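Here you go, one structure.
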Amino acid sequence: MSSRTENTVAGVDGAKGRWVIARFDGDRVDWTVERDAESVLAATASCTTVGVDMPLTMPTNGYRASEVEAKIFLGPARSSIFHTPVHATVEATSYADACAISRDITGKAISMQTWHLMPAIRSWQSISFDTERVVEVHPECSFRLMAPDVAFASKKSGRGAGQRMAALSRWIDPHDLADGLARLPVGPALDDALDAAAAAWSAWRFSRGDHRSFGTTDSSDRIVA
């Protein structure tokens, strides 16, 4: 018999060198914080689906089809997606080294923003997990599918935060959402917590077969929303 709780899913987002996890059980959302990818997997072992806002696959050359499709879908917000560097850059020990490797394979360097994501990317590349249970998501895609009628402002702005909370309130009772945020652990910023909740929304949809896939329908190159 499976030890997983059928109605519980989780969304995961990076938060200042740690990971914030939003669990949703069909009623309410609660957040916790873990130190690394391995501890995230341990903490979400009972969840049927886990949506992670971080590249879970890396291309051998060029761009992933999932990111290209997601950028097209996002339109003006396409800059919120950073192209995943080629897999060979995992071994890079410096930004200059990563750029040299990337140029040799793709003809282009990686951005400094992408380099800053490398420790988080490496953490997921270094562990094994069930790729049909742990899926990659992008919260901005999730929010736009959740509330297609909303022209979202930056998630760092007060208006943008309010829009995202309102969108999540179409799925979670507003009082339960506010109560969960009031218990948010120290550390994650509001946008980290909301992104994790949006990732949980996509995980919920994936667990029920109601999701949208960017890229392939299997785990080889897929972003779920």
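The structure presented is a predicted model; accordingly, all values stated were derived computationally and were not measured.
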Worksheet item: Any side-chain heavy atom of Leu145 within less than 4.5 Å of one from Trp201?
Response: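 Yes, close enough: below the 4.5 Å cut-off.
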Fill in: Cluster link Val12 to Leu41, ILVMFWY, side chain under 4.5 Å
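Result: yes, single cluster for both.
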Fill in: Over all atoms of both residues, closest heavy-atom pair of Val20 and Ala193
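Of all heavy-atom pairs spanning Val20 and Ala193, the closest is CG1-N, 4.5 Å.
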Worksheet item: Atom CH2 in Trp19, atom OG1 in Thr44: separation rounded to 0.5 Å?
Response: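 The distance works out to 12.0 Å.
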Discussion item. For residues 32-56, which residue pairs pass the ring pair (Phe, Tyr, Trp, His ring centres under 6.0 Å) check, not counting sequence neighbours?
Written reply: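 Sorted pair list comes back empty.
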Discussion item. Keeping Gln163 on the side-chain end and Ala153 on the backbone end, is there a donor-acceptor pair under 3.5 Å?
Written reply: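 Indeed, once roles are kept as given, a pair shorter than 3.5 Å links the two residues.
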Worksheet entry | Joint cluster assignment, Leu190 & Ile172, ILVMFWY side-chain distance < 4.5 Å |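 Yes.
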Worksheet item: Hey, are the side chains of Lys16 and Pro188 touching, using non-hydrogen atoms and a 4.5 Å cut-off?
Response: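 Result no, sub-4.5 Å side-chain heavy-atom pair not found.
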Discussion item. Less than 3.5 Å apart, any donor N or O on the side chain of Ser154 or Ser157 sitting next to an acceptor on the other?
Written reply: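 Looking only at side-chain atoms, Ser157 and Ser154 do not form any donor-acceptor pair under 3.5 Å.
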Item to complete: Would you kindly confirm whether Ile223 and Leu117 end up in one hydrophobic cluster when ILVMFWY residues are joined by side chain heavy atoms under 4.5 Å apart?
Response: no
Discussion item. I'd like to check Val40 versus Ser123 (side-chain heavy atoms, cut-off strictly below 4.5 Å). Are they in contact?
Written reply: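 Side-chain contact under 4.5 Å: no.
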Worksheet, complete the sentence: Of all heavy-atom pairs linking Ala43 and Ile21, the shortest is CB-CD1, 4.1 Å
Discussion item. Quick one, Trp31 and Asp192 - any side-chain contact, counting heavy atoms below 4.5 Å?
Written reply: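 Counting from C-beta outward, Trp31 and Asp192 never come under 4.5 Å.
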Fill in: Thr84 side, atom OG1; Met118 side, atom CE - distance, nearest 0.5 Å
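Here the interatomic distance stands at 10.0 Å.
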Practice prompt. Take Glu140 and Asp195 through the test side chain to side chain contact (heavy atoms under 4.5 Å, CB included) and record every step on the way to the result.
Written response: CA-CA 8 Å; Glu140 290 304 300; Asp195 279 354; 4.3 Å; yes
Fill in: Linked, directly or transitively: Ile105 and Phe82 (ILVMFWY side chains, under 4.5 Å)
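Cluster IDs for Ile105 and Phe82 differ.
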Practice prompt. Over all heavy atoms of both residues, which pair between Ala167 and Ala147 is shortest? Give the atoms and the distance, please.
Written response: CB-CB, 3.9 Å
Practice prompt. Give the intermediate values and the outcome of side chain to side chain contact (heavy atoms under 4.5 Å, CB included) for residues Leu181 and Met165.
Written response: CA-CA 10 Å; Leu181 286 171; Met165 285 188 282; 3.8 Å; yes
Discussion item. Between Arg133 and Val50, is there a side-chain heavy-atom distance shorter than 4.5 Å?
Written reply: yes
Worksheet item: Do Leu177 and Val29 come within less than 4.5 Å of each other through their side chains, counting heavy atoms only?
Response: yes
Worksheet item: What pair of heavy atoms forms the shortest contact from Val224 to His211, and how long is it?
Response: CG1-CB, 3.8 Å
Item to complete: Check the side chains of Arg23 and Thr8 for a donor-acceptor pair under 3.5 angstrom, ignoring hydrogens and angles.
Response: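 The criterion, which ignores hydrogens and geometry beyond distance, is not satisfied for Arg23 and Thr8.
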Practice prompt. Determine whether Leu194 and Phe152 fall in the same hydrophobic cluster, where Ile, Leu, Val, Met, Phe, Trp and Tyr are linked whenever their side-chain heavy atoms lie under 4.5 Å apart.
Written response: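 Both belong to a single hydrophobic cluster.
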Discussion item. Could you walk me through whether Ile72 and Arg78 satisfy the side chain to side chain contact (heavy atoms under 4.5 Å, CB included) test, starting with their C-alpha distance in whole Å, then the side-chain angles of each, then the deciding distance to 0.1 Å, before giving a yes or no?
Written reply: CA-CA 7 Å; Ile72 292 170; Arg78 67 179 69 86; over 6 Å; no
Discussion item. Side chain to side chain contact (heavy atoms under 4.5 Å, CB included), that's the test. Do Leu74 and Cys141 meet it? Break it down for me.
Written reply: CA-CA 7 Å; Leu74 288 174; Cys141 292; 4.0 Å; yes
Worksheet item: For the atom pair CG (Asn7) and CH2 (Trp204), what is the distance rounded to the nearest 0.5 Å?
Response: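 Output value for this atom pair is 4.5 Å.
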Item to complete: Scan residues 209-225 for pairs that pass salt bridge (charged side-chain N to carboxylate O under 4.0 Å, His left out), counting only residues two or more places apart or in two chains.
Response: Glu132-Arg222
Worksheet item: Which pairs pass salt bridge (charged side-chain N to carboxylate O under 4.0 Å, His left out) with one or both residues in residues 82-108, sequence neighbours excluded?
Response: none
Response to the item:
Closest non-hydrogen atoms of Val86 and Gly62, given as atom of the first, atom of the second and distance, are CG1-N, 4.2 Å
Worksheet item: Nearest 0.5 Å, what's the OG-NE2 distance between Ser202 and His138?
Response: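 NE2 of His138 is found 11.0 Å from OG of Ser202.
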Item to complete: Determine whether the side chains of Thr89 and Ser102 contain a donor N or O and an acceptor N or O closer than 3.5 Å.
Response: no
Worksheet item: Under 3.5 Å, side chain of Tyr95 to main-chain N/O of Ile110, donor-acceptor pair present?
Response: yes
Worksheet item: Are the side chains of Val150 and Arg144 in touch, meaning some heavy atoms are under 4.5 Å apart?
Response: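 No, too far: nothing below the 4.5 Å cut-off.
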Worksheet entry | salt bridge (charged side-chain N to carboxylate O under 4.0 Å, His left out) pairs, two or more places apart, involving residues 47-73 | Arg64-Glu67, Arg64-Glu136
Item to complete: Specify the closest pair of heavy atoms between Glu34 and Arg18, including all atoms of both residues, with the distance to one decimal.
Response: O-CB, 3.3 Å
Item to complete: Compare all side-chain heavy atoms of Phe143 with those of Leu168 and state whether any distance is below 4.5 angstrom.
Response: yes
Discussion item. How long is the straight-line distance from CE of Met58 back to NE2 of His87, given to the nearest 0.5 Å?
Written reply: 6.0 Å
Worksheet entry | Pairs involving residues 41-61, ordered by first then second residue, that meet ring pair (Phe, Tyr, Trp, His ring centres under 6.0 Å) (sequence neighbours left out) |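 Listed by first then second residue: nothing to list.
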Response to the item:
The complete set of salt bridge (charged side-chain N to carboxylate O under 4.0 Å, His left out) pairs with one or both residues in residues 167-183, sequence neighbours excluded, reads Arg28-Asp179, Asp30-Arg183, Asp149-Arg170, Asp179-Arg183
Practice prompt. Supply the atom-to-atom distance Arg164 CZ to Arg159 CZ, rounded to the nearest 0.5 angstrom.
Written response: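 Going from CZ on Arg164 over to CZ on Arg159, the span is 11.0 Å.
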